[in-house]
Amino acid sequence: MDQKDSVMFLKEEARRNRRINDDVQELAVTDETLPVEKFDHLYLLNTVLRETLDAINRVSVTLDVETANPRLEVSDDRKSVRWTWTQRNVLYTRKIFTNWSCVLGSEGFTSGRHYWEAEVTGNRSWCLGVVAESGERKGRVNLSPETGFWVIRRVDDVLYRDYDVYRDLPSPESRLPAGPIPGRVGVYLSYESGTVSFYNAETKSHLHTFTGNKFTEKLYPFFRTGNVNQWLRICSGSAPGL
């Protein structure tokens with residue numbers, strides 16, 4: 001099945017699913033859009049990803065030490081990070097996170113489809129996703145799309161899709177559906193379609209997708225760990241269903 005036939009097939013599948021369930025979000029499949037917002041059938045998600053394999057850039061993320069909070073230790077290969085009680089002597093530039101234990105990936109994206117994974121086993125407090133280049137890095141940052149952060153976060157064995165620092169706890173409406181807490185998380189960015197998706201990379205299951213965004217600036221991989229001396233590691237992996 002070639003690319004054009006695949007697109008036609010998936011369009012027909014989308015129409016069939018809309019007729020079966022009016023609550024299913026419209027699945028518009030074109031050469032420029034990878035739909036991962038809602039799927040009633042896992043096989044459809046797998047088919048979409050398999051047909052677009054060549055268009056997905058599996059990113060080998062390295063960490064940008066210049067963005068790391070002073071109490072974070074970044075490994076020599078820049079693939080791991082952990083929270084420590086030791087504060088580094090750093091130059092407080094615009095790039096650095098001053099309060100939150102956060103660090104960004106070195107490479108930013110202004111187009112294309114990109115996928116990477118992080119090993120979070122042993123971390124009971126973490127946050128992953130992407131952030132806009134203009135996202136605030138000083139003080140207590142409110143982690144939400146409105147402030148340029150598209151993230152999910154683990155808090156007390158529950159996953160949330162954002163974090164309101166002014167309430168000092170996640171809002172109940174941001175809680176994601178209950179399920180196993182992943183030990184490895186996949187992050188998928190589709191710049192042109194304005195989506196950021198998250199997966200349990202161990203089970204290849206979908207966790208959450210931010211949709212309806214119009215990205216206009218560079219986006220960077222975002223990592224936060226809140227456990228002392230517990231490494232969070234960037235690892236390689238294939239996109240779900242491939």
Side-chain angles (χ1 to χ4, degrees), residues 59-109 114 116-156 158-171 174 182 184-189 196 198 207-208 210 215 217-235:
V59 185
S60 179
V61 176
T62 57
L63 300 172
D64 183 354
V65 180
E66 292 184 2
T67 68
N69 178 279
R71 293 190 183 274
L72 286 179
E73 177 186 353
V74 176
S75 62
D76 291 340
D77 64 358
R78 296 192 295 151
K79 304 292 284 187
S80 301
V81 61
R82 66 177 177 177
W83 174 259
T84 73
W85 290 115
T86 303
Q87 182 162 325
R88 295 177 291 116
N89 291 321
V90 299
L91 179 64
Y92 282 85
T93 67
R94 162 69 182 84
K95 297 178 65 176
I96 199 169
F97 285 91
T98 59
N99 284 48
W100 288 103
S101 53
C102 307
V103 61
L104 301 185
S106 298
E107 181 182 3
F109 311 109
H114 309 277
W116 60 93
E117 292 181 0
E119 180 72 39
V120 292
T121 301
N123 286 268
R124 297 184 59 82
S125 175
W126 51 260
C127 186
L128 299 170
V130 300
V131 60
E133 187 170 32
S134 63
E136 183 56 60
R137 306 183 195 183
K138 309 300 181 187
R140 293 171 59 81
V141 181
N142 196 25
L143 306 179
S144 70
E146 289 72 27
T147 58
F149 291 81
W150 292 266
V151 300
I152 62 171
R153 183 178 181 186
R154 177 181 177 177
V155 180
D156 296 331
V158 178
L159 295 182
Y160 296 87
R161 57 177 167 78
D162 54 31
Y163 194 79
D164 185 348
V165 299
Y166 303 108
R167 290 163 49 96
D168 201 31
L169 76 168
S171 59
S174 71
R184 192 171 66 192
V185 178
V187 182
Y188 172 77
L189 165 66
V196 181
F198 300 87
L207 297 172
H208 181 67
F210 292 99
F215 300 133
E217 59 181 295
K218 186 174 288 187
L219 301 178
Y220 288 88
F222 173 88
F223 306 88
R224 179 179 184 270
T225 177
N227 294 113
V228 176
N229 293 326
Q230 180 64 54
W231 290 103
L232 183 153
R233 295 179 173 85
I234 300 167
C235 49

Okay, side chain of [X], backbone of [Y]: is any donor-acceptor separation there less than 3.5 Å?
X: Arg71; Y: Trp85; result: yes
X: Ser106; Y: Thr62; result: yes
X: Glu73; Y: Thr84; result: no
X: Ser101; Y: Thr225; result: yes
X: Asn69; Y: Thr98; result: yes
X: Arg88; Y: Ala68; result: yes
X: Lys218; Y: Ala132; result: no
X: Arg137; Y: Lys95; result: yes

I'd like to check [X] versus [Y] (side-chain heavy atoms, cut-off strictly below 4.5 Å). Are they in contact?
X: Lys79; Y: Cys235; result: no
X: Val81; Y: Arg233; result: no
X: Tyr160; Y: Ile152; result: no

Between [X] and [Y], which heavy-atom pair has the shortest distance, and what is it?
X: Val59; Y: Trp116; value: O-CB, 3.8 Å
X: Asn227; Y: Gly122; value: OD1-O, 4.2 Å
X: Val151; Y: Phe210; value: O-CZ, 3.3 Å
X: Leu159; Y: Pro182; value: CD1-CD, 4.0 Å
X: Gly135; Y: Arg94; value: O-NH2, 3.4 Å
X: Gly105; Y: Phe223; value: N-CE1, 4.2 Å

To the nearest 0.5 angstrom, please state how far the [atom1] atom of [X] sits from the [atom2] atom of [Y].
X: Glu136; Y: Leu143; atom1: CD; atom2: CG; result: 11.5 Å
X: Phe222; Y: Trp150; atom1: CZ; atom2: CH2; result: 12.5 Å
X: Cys102; Y: Arg224; atom1: SG; atom2: CZ; result: 6.0 Å
X: Gln230; Y: Asn123; atom1: CD; atom2: CG; result: 5.0 Å
X: Asp156; Y: Arg124; atom1: CG; atom2: CZ; result: 7.5 Å
X: Tyr220; Y: Thr67; atom1: OH; atom2: OG1; result: 9.5 Å

Assess whether side-chain contact (heavy atoms from CB on, under 4.5 Å) is satisfied between Trp126 and Val185, documenting all intermediate values. CA-CA 11 Å; Trp126 51 260; Val185 178; 3.8 Å; yes
Residues, nucleotides or ligands: over 12 heavy atoms within 6.0 Å of Glu66 CD: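 Counting neighbours around CD of Glu66, 12 or fewer heavy atoms of other residues, nucleotides or ligands fall under 6.0 Å, so no.
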Asp77 atom CG, over 12 foreign heavy atoms within 6.0 Å: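 Result for CG/Asp77: enclosed.
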Kindly determine whether Val196 and Tyr188 satisfy side-chain contact (heavy atoms from CB on, under 4.5 Å), including the steps that lead there. CA-CA 6 Å; Val196 181; Tyr188 172 77; over 6 Å; no
Pick from Val130, Leu219, Leu63, Val131: which one makes a side-chain contact (heavy atoms from CB on, under 4.5 Å) with Leu104? Val131
Audit row: Trp231, Ser75, side-chain contact (heavy atoms from CB on, under 4.5 Å) steps and yes/no: CA-CA 9 Å; Trp231 290 103; Ser75 62; 4.2 Å; yes
